[in-house]
Amino acid sequence: MMGTVDYRPAFRLLQEKTPEELFSDLPTPCYIIDEAGLQRNGEILLSVIKNTGCKILLAQKAFSNYDFYPLLSGYLSGTEASGLYEARLGAEKMPGKEVHVFCAAYRDDEFDELLKYADHIVFNSPGQLKKFGQAAKDHGKSIGLRINPQCSTQEGHEIYDPCSCQSRLGTTRDVWNEQMTGDLIGLLDGLHFHTLCEQNSDALKLTLEAVEEKFGDILPQMKWLNMGGGHHITRDNYDIALLEQLITDAQNKWNVEVYLEPGEAVAFNAGFLASRVLDIVQNGDTRIAILDVSAACHMPDVIEMPYLPPLYGETGIKSGKYSFLLAGPTCLAGDVIGQYGFCDELHIGDLLLFGDMAIYSTCKNNTFNGMPLPDIWRKTIHGELEKLTDFGYEDFKMRLGK
């Protein structure tokens with residue numbers, strides 16, 4: 001099945017070999033994370049660090065497969081966490097590197113433990129800063145406040161837009177003026193914004209103009225500025241020169257240290273999800289291939305975003321001679337991956353390989369319907385395959401009780 005080489009970026013790590021040639025012996029479904037892809041991305045990010053003097057963190061919400069942290073630590077400045085567990089993971093698995101944390105609201109019963117792991121703590125609101133800021137300061141932490149520049153640059157996936165009109169994320173300038181006292185401002189070392197999602201540096205340029213308009217008078221008082229994530233730096237058409245100019249301009253204009261915390265850019269196009277066709281059914285004119293992989297369980301962003309993931313060898317619905325709707329095996333009617341076109345028929349037992357599956361997959365998957373968790377494999381720099389996990393029934397059961 002699909003013997004023609006697929007040269008798209010999502011599959012160039014296969015180095016002109018087919019999925020059957022590389023992965024036919026692996027039990028499906030399974031994730032394959034490719035160290036060569038992580039290395040390539042790391043080298044690009046490190047070049048930005050060297051060219052600008054900024055620091056780049058791994059946003060673990062997108063990629064938290066810690067077996068690869070030793071590799072990534074050679075390129076990155078540290079990790080960014082969304083709460084206690086990710087902060088601890090970053091501290092334990094990337095030792096000696098910075099640990100930053102942002103949470104929309106911190107818990108009283110977790111904050112003391114969080115102070116053991118985090119170096120930078122970013123608060124979402126003046127209320128949270130007032131509640132926890134002094135304790136963090138007393139423990140020697142660098143303190144930040146997330147701001148909302150109210151500059152939306154996204155279209156088509158508002159669920160991921162932190163600048164939407166009802167966003168809970170970040171402090172607007174109106175709220176700053178109402179609630180930020182001199183004592184609270186005195187606690188701050190930096191400001192943080194995160195407004196992008198899979199975007200180029202032109203969107204960052206627009207955002208920085210809004211940040212300057214809203215908070216330009218505050219920034220000279222700060223030590224650092226964190227520009228968040230959503231920067232698709234390792235994408236082929238990303239304008240790195242503009243990014244580096246924006247970073248340099250911000251550092252010079254406000255005399256701040258600049259942080260970026262991309263997640264996708266670190267592991268972009270560095271992983272796969274392998275699956276096999278279990279059955280083919282017909283409904284009217286629609287032919288449906290039921291796979292052993294579930295969109296709802298194993299690639300939830302396909303439904304949440306939503307988007308059509310890259311699939312090796314597919315030709316597009318319009319150009320494909322054969323069209324199939326690919327779907328998962330669960331009882332959820334909406335467990336559908338999408339419609340694909342192929343040059344050849346699909347058959348039961350065919351191996352299908354989805355691309356760009358290192359991000360938002362292993363860290364978001366679930367066992368709905370009792371679906372097993374796919375095992376995770378490492379494809380080393382030298383092309384060897386190494387099994388990293390051994391998921392089974394107990395991993396399903398332990399989440400539900402004693």
Side-chain angles (χ1 to χ4, degrees), residues 2 6-15 17-45 58-72 75-76 79 89 93 198 229 232-236 262-276 291-295 297-302 304-305 307-314 326 337 351-366 372-389 391:
M2 299 184 192
D6 192 329
Y7 289 101
R8 288 177 295 169
F11 304 105
R12 62 185 164 201
L13 291 172
L14 302 184
Q15 297 181 322
K17 293 186 177 180
T18 67
E20 282 284 358
E21 290 174 312
L22 289 170
F23 306 129
S24 61
D25 292 335
L26 299 185
T28 61
C30 67
Y31 301 103
I32 304 113
I33 300 176
D34 197 313
E35 286 188 329
L38 295 177
Q39 184 180 60
R40 172 192 175 274
N41 293 340
E43 289 171 350
I44 293 172
L45 297 174
L58 165 64
Q60 297 175 99
K61 63 186 177 183
F63 182 79
S64 49
N65 295 97
Y66 55 83
D67 289 288
F68 301 90
Y69 284 17
L71 171 66
L72 294 174
Y75 304 103
L76 303 177
T79 57
L89 186 70
K93 298 300 182 178
E198 299 182 345
H232 242 195
I233 302 169
T234 52
R235 191 173 70 197
D236 285 353
E264 289 201 16
V266 175
F268 185 57
N269 284 334
F272 310 100
L273 177 54
S275 173
R276 289 197 181 272
L291 312 183
D292 60 7
V293 69
S294 163
C297 298
H298 306 144
M299 47 173 96
D301 256 16
V302 167
E304 293 176 12
M305 191 74 168
Y307 81 106
L308 190 70
L311 176 68
Y312 185 93
E314 64 91 14
L326 304 186
I337 301 164
L351 177 66
L352 302 183
L353 191 71
F354 295 94
D356 196 23
M357 282 291 154
I359 54 175
Y360 291 111
S361 55
T362 58
C363 56
K364 292 186 72 172
N365 60 19
N366 61 80
L373 294 173
D375 277 312
I376 303 169
W377 291 72
R378 182 207 313 262
K379 184 171 178 283
T380 71
I381 298 294
H382 306 293
E384 300 164 341
L385 292 172
E386 175 190 356
K387 189 178 183 182
L388 299 178
T389 61
F391 295 130

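From Leu353, atom CG reaches atom CZ of Arg276 across 11.0 Å, with rounding to the nearest 0.5 Å. Between Asp6 atom CG and Leu14 atom CG the span is 8.0 Å, to the nearest 0.5 Å. Here the OG1 atom belonging to Thr380 is positioned 11.0 Å from the CG atom belonging to Leu71, to the nearest 0.5 angstrom. The distance from the CE atom of Met299 to the CE atom of Met305 is 15.0 Å, given to the nearest 0.5 Å. If you take CG on Asp67 and CD1 on Ile33, they are separated by 8.5 Å, rounding to the nearest 0.5 Å. Here CG of Leu291 is found 11.5 Å from NE2 of His298. Values are rounded to the nearest 0.5 Å.
No donor-acceptor distance shorter than 3.5 angstrom exists from the side chain of Ser275 to the backbone of Leu352, with no hydrogens or angles considered. Side-chain atoms of Asn41 come within 3.5 Å of backbone atoms of Val266 as a donor-acceptor pair (strictly under, hydrogens ignored). At distances below 3.5 Å, not a single donor-acceptor pair connects side-chain atoms of Asp375 with backbone N or O atoms of Leu388. Proximity of a side-chain donor or acceptor of Glu386 to a complementary backbone N or O of Arg378 within less than 3.5 Å is not detected.
Of all heavy-atom pairs spanning Cys363 and Lys61, the tightest one is SG-O, 3.2 Å. Across Lys379 and Ile32, no two heavy atoms sit closer than the pair CB-CG2, 3.9 Å. Of all heavy-atom pairs between Thr234 and Ala265, the closest is OG1-O, 2.8 Å. Nearest heavy atom pair, residue Trp377 against residue Pro27, reads CZ2-CD, 4.1 Å. Heavy atoms only, all atoms of each residue included: Asn269 and Leu13 are closest at O-CD1, 3.2 Å. Between Pro374 and Cys30, the closest heavy-atom pair is CB-CA, 3.8 Å.
A search for side-chain hydrogen bond (donor to acceptor under 3.5 Å, both in side chains) contacts involving Lys364 returns Asp301, Glu304, not counting sequence neighbours. With sequence neighbours excluded, no residue forms a salt bridge (charged side-chain N to carboxylate O under 4.0 Å, His left out) with Asp292. With sequence neighbours left out, the salt bridge (charged side-chain N to carboxylate O under 4.0 Å, His left out) criterion links Asp356 to no other residue. Under the salt bridge (charged side-chain N to carboxylate O under 4.0 Å, His left out) criterion, Glu43 pairs with no residue at all, not counting sequence neighbours. In this structure Thr362 satisfies the side-chain hydrogen bond (donor to acceptor under 3.5 Å, both in side chains) test together with Asn65, sequence neighbours excluded. Every residue two or more places apart in sequence or in another chain was checked for a salt bridge (charged side-chain N to carboxylate O under 4.0 Å, His left out) with Lys93, and none qualifies.
Inter-residue side-chain proximity for Tyr66 and Thr79 is flagged as unmet; no heavy-atom pair is nearer than 4.5 Å. Contact check for Phe63 versus Phe68: side-chain heavy atoms found under the 4.5 Å cut-off. Side chains of Ile337 and Pro309 form a contact here, defined as non-hydrogen atoms less than 4.5 Å apart. A 4.5 Å side-chain heavy-atom check between Phe354 and Leu326 finds at least one atom pair inside the cut-off. Here the side chains of Leu273 and Ser361 are not in contact, with every heavy-atom distance at 4.5 Å or above. For the pair Val302 and Tyr307, the minimum side-chain heavy-atom distance is below 4.5 Å. Between Leu38 and Tyr75 there is no side-chain heavy-atom pair separated by less than 4.5 Å. Under the 4.5 Å side-chain criterion, counting only non-hydrogen atoms from C-beta, Thr389 is not in contact with Leu373.
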(message) Quick one, Ser64 with Leu89, criterion side chain to side chain contact (heavy atoms under 4.5 Å, CB included). Give me CA distance, side-chain angles, the key distance, then yes/no.
(response) CA-CA 8 Å; Ser64 49; Leu89 186 70; 4.1 Å; yes
(request) List the steps and the verdict of side chain to side chain contact (heavy atoms under 4.5 Å, CB included) for Leu58 and Tyr69. (result) CA-CA 9 Å; Leu58 165 64; Tyr69 284 17; 3.6 Å; yes
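Both the sub-6.0 Å distance and the 45° axial angle are not jointly satisfied by Arg235 relative to the ring of Phe268.
Environment of NZ in Lys387: crowded, with over 12 heavy atoms of neighbouring residues, nucleotides or ligands closer than 6.0 Å.
No side-chain N or O of Tyr312 forms a donor-acceptor pair with one of Glu20 less than 3.5 Å apart.
A salt bridge is defined here as a Lys NZ or Arg NE, NH1 or NH2 lying under 4.0 Å from an Asp or Glu carboxylate O, and Arg40 with Asp236 meets this definition.
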